[in-house]
Amino acid sequence: MLAVDHLAPLTHEGTPLDALTREGLVFGCDYNPEQWDRAVWDEDMRLMREAGVGLVAVNIFGWSWINPDRGVWDFAELDEVIDLAHSHGIRVNLGTATASPAPWVTTRHPEILPVAEDGTRRFPGGRQGYCPSSPVFRAYAAELSRRVVERYADHPALAMWHVSNELGCHNALCYCDASAVAFREWLRARYGSIAELNTAWGTSFWSQRYSAWDQILPPLAALSLRNPGQLLDFQRFSSDQQLELYRAEARIVRAHSTAPVTTNFMVTAHIRALDYFSWAGEMDVIANDHYLDRRLPDPIAELSFAADLTRGLAAGTPWLLMETSTGAVNWQPHNLAKGEGELLRNVVSHVARGADGICFFQWRASAQGAEKFHSALLPHAGTDTAQWRSVLEVGRTLRALQPLAGTRVASDAAVLFDWESWWSLENEGRPSDDVRYLDQVHAAHAALAAAGVSTDVVSARADLSAYRLVVVPALHLVRDADADRIARFVEAGGTAIITFASGIVDEQDRVRLGGYPGAFRDLLGIVSEEFAPLGPGQSVTLDDGTTGTVWSERLRTVDAEVAARFIDGPAAGLPARTRRTVGAGTAWYLATLPDASAYRDLLSDAAEAAGIRRNPVAPGVEVVRRAGSDRSFIFIVNHTTDTVEIAAHGRDAITGVAIDGTAVVAGGAVRIIEEAS
Ligand code: GLA
């Protein structure tokens, strides 16, 4: 249980998370007391202390609570909630309350409501019902955040600022008139002249040449395929507009407060509108929201990937899981409960991959509202429940893991990730609908995991010099400078594994002529003459006995070895995998998606050849290391139902029991071992 009397104001020295992890990794939640009668709040506090909750995100959806009508401000309840948290030794992650406009705002200004791709306006009644470019919305949001910040900047319970909430979750792409005006301004700043824009978008095609700025619209639904340059720039613009909302509020916060500022990212499989690599530098703490996506074939592999990408956004430093669920969500078609031990396994997976804190949506399961069937720390059924007991276990575990705080995951391998490639690859008029960006990136990441290789997921713009092995899956859109950096990485001794669909277009989505894979043709010493994608469910066989799906192409080597050939399918007899020695390094090309075991073996061999230290592997078991200058921890998360034995030496970080050679991990259990140095 937390002590009540230790809530001295935070000094904000060191990293923002250092200040919050002195007694344990962060254990927090969204707290929405405005949904409940005052009488419930005391019980909330008592139970939060029992569970060890140390950080609450409040006022996230507080607009109509604190500003119920135009010119009416009522902070009495929020004051009381923050004071109450403070008196119970609980710190506050304070929302600016701008996430969802109050009804009076949209009644007074219906023009701020967002417009969908088909030109129809969306009504209020859900959340985030505003156009991100609306100057009217921005003015109201600025006033609201200024009032909140001025009021609470000096409150001793304040730990950090939570700008808005999941910016762009629902309203990332708005096609209204205000968006059109802002889009034109954005394009003017990017291109300077209409002539440049016409060149960039290739508007000679289909008679799309513009003669004045006001002819340019957001890419509203059209009768046929739309201009890909316009689509891509609209995606860039839309990400920038959301970032601008963050910046505007962060500026207001920083003018009054020295507390760290952040907003919660959505690094997940179903949100792709925000280029978080361009946002990350503006956050004082990288915070992500992640929920298991049961619609995917392997939700756990996706969790691992998302956590590794979040660490990439944090440039390797510890990050915060700002939201996750204890059990079911309520927004998937089938909202599955977590199985026995699954909550702890999920928590430990995030921590293993660099999270220094885990927060949940939300504290108490709502009795009303659209999320009344979403799980919470405190379930509808109360505390005499297995769910509550598993929450207490999470609290104890996060507290016991305090010595981990600040340590990092060390990786010799990286997968490159790029939102612009995701957008351009999946825009209209592409060679195959089956080439989905995330599938390709996930396959590479999963194959490295299966080979026991710890992997960073980093930007296509990242410095690669610290890595030995870099996988470049479907990096469709590549800038010259990024392709050059990858080539230099190989020349200096690195191994790059580049897959099909990489290097195809430049920054303007213009095909790099002269043969695929354009930007990587010289590095790889190959020329691909024609795409030959596979049909749905079709697979091809290679002459090494492995199989491939999704893709093949008709390529020839110019200066590379053929490591395997297609023996059937549309590229029968042609190279399926090539290898070229370049300087001190090696560049591989994969012209099809290898089956999972072939991909694992390929990356395992490449890691071996690159001299990469590997983690022990067992099917269905996650093994990850986090290390600081003077300590190292090995995390074992057993996702199977069988007991496994993993080689380890040291001391169990939770129980203190010595581990001498073999860690025994029961089915569904986790172990965290502080390794003997
Ligand atoms: C998001 C939001 C929360 C809540 C959860 C439900 O993460 O930020 O307000 O809606 O989803 O899963």
Side-chain angles (χ1 to χ4, degrees), residues 28-36 55-65 93-102 125-130 132 160-172 242 245-246 249 262-274 276 279 283 285-296 299 302-303 306-307 310 319-338 342-343 346-347 350 355 357-380 387 391:
C29 59
D30 278 58
Y31 180 40
N32 298 304
E34 69 273 25
Q35 297 177 9
W36 298 94
L55 182 71
V56 289
V58 295
N59 198 36
I60 304 298
F61 292 98
W63 196 327
S64 69
W65 187 29
N93 172 17
L94 189 55
T96 53
T98 56
S100 229
R127 65 175 172 183
Q128 229 173 40
Y130 64 85
M160 70 174 86
W161 293 99
H162 187 301
V163 168
S164 192
N165 186 64
E166 293 192 339
L167 284 159
C169 178
H170 310 284
N171 66 351
Q242 295 287 343
L245 290 173
Y246 171 81
E249 291 190 32
T262 192
T263 190
N264 40 352
F265 289 176
M266 298 165 285
V267 175
T268 58
H270 61 282
I271 305 267
R272 62 167 201 153
L274 295 322
Y276 287 132
W279 292 43
M283 308 292 138
V285 178
I286 294 293
N288 193 41
D289 293 355
H290 189 272
Y291 295 89
L292 277 189
D293 192 337
R294 310 281 192 178
R295 297 165 293 193
L296 298 172
E302 192 278 330
L303 182 161
T310 306
W319 50 277
L320 186 62
L321 186 68
M322 191 68 101
E323 288 183 29
T324 188
S325 69
T326 55
V329 297
N330 73 322
W331 43 265
Q332 294 176 18
H334 304 93
N335 294 296
L336 307 190
K338 290 201 177 177
E342 195 172 8
L343 171 60
N346 296 166
V347 162
H350 284 290
I358 308 289
C359 306
F360 291 83
F361 177 83
Q362 60 179 326
W363 163 247
R364 184 184 275 274
S366 299
Q368 292 180 292
E371 295 182 323
K372 63 184 183 296
F373 295 125
H374 193 293
S375 63
L377 289 173
L378 181 57
H380 289 151
Q387 267 182 300
V391 164

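All residue numbers refer to positions in the sequence shown, counting from 1. Both ligands and their constituent atoms are indexed starting at 1 by order of listing. What you see is a predicted model, and the numbers here were worked out from it, not measured in a lab.
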**Request:** May I ask you to list the atoms of ligand 1 that are less than 4.0 angstrom from any heavy atom of R127?
**Result:** 2 (C), 3 (C), 4 (C), 9 (O), 10 (O)
**Item:** E323 N/O to ligand 1 N/O under 3.5 Å
**Value:** yes
**Message:** Give me the residue, atom name and distance of the protein heavy atom closest to atom 6 (C) of ligand 1.
**Reply:** H374 NE2, 3.1 Å
**Contacting atoms of ligand 1, where contact means under 4.0 angstrom from a heavy atom of E371** = 4 (C), 5 (C), 6 (C), 10 (O)
**Residue W331 vicinity, atoms of ligand 1 by number, heavy atom under 4.0 Å** = 6 (C), 12 (O)
**Request:** Could you tell me whether the side chain of L292 reaches within less than 4.5 Å of the side chain of E342, counting heavy atoms only?
**Result:** yes
**Asked** Side-chain contact, heavy-atom cut-off 4.5 Å: L167 with W279?
**Response** yes
**Item:** Per-atom contacts of ligand 1 with D289, taking only distances under 4.0 Å to non-hydrogen atoms
**Value:** 7 (O), 8 (O)
**Asked** Going by atom types only, do R294 and H334 share a side-chain donor-acceptor pair under 3.5 Å?
**Response** no
**Flag, side chain of T326 to backbone of A376, donor-acceptor distance under 3.5 Å** = yes
**Message:** Side chains of N165 and Q128 only: does a donor on one sit below 3.5 Å from an acceptor on the other?
**Reply:** no
**Message:** With heavy-atom distances below 4.0 Å as the criterion, list the atoms of ligand 1 near N165.
**Reply:** 2 (C), 8 (O), 9 (O)
**Request:** With heavy atoms of E166 as the reference, note each atom of ligand 1 found under 4.0 Å away.
**Result:** 1 (C), 2 (C), 7 (O), 8 (O)
**Message:** Could you tell me if Q387 and S375 have a donor-acceptor pair between their side chains, going purely by distance under 3.5 Å?
**Reply:** no
**Message:** Does only the side chain of Q362 get under 4.0 Å from ligand 1, or the backbone, or both, or neither? Count heavy atoms.
**Reply:** neither
**Complete:** Here the atoms of ligand 1 under 4.0 Å from any heavy atom belonging to F61 are 9 (O)
**Message:** Show, in sequence, the C-alpha distance, side-chain angles and deciding distance for I60 and D30, and conclude whether the side chain to side chain contact (heavy atoms under 4.5 Å, CB included) test is met.
**Reply:** CA-CA 8 Å; I60 304 298; D30 278 58; 3.9 Å; yes
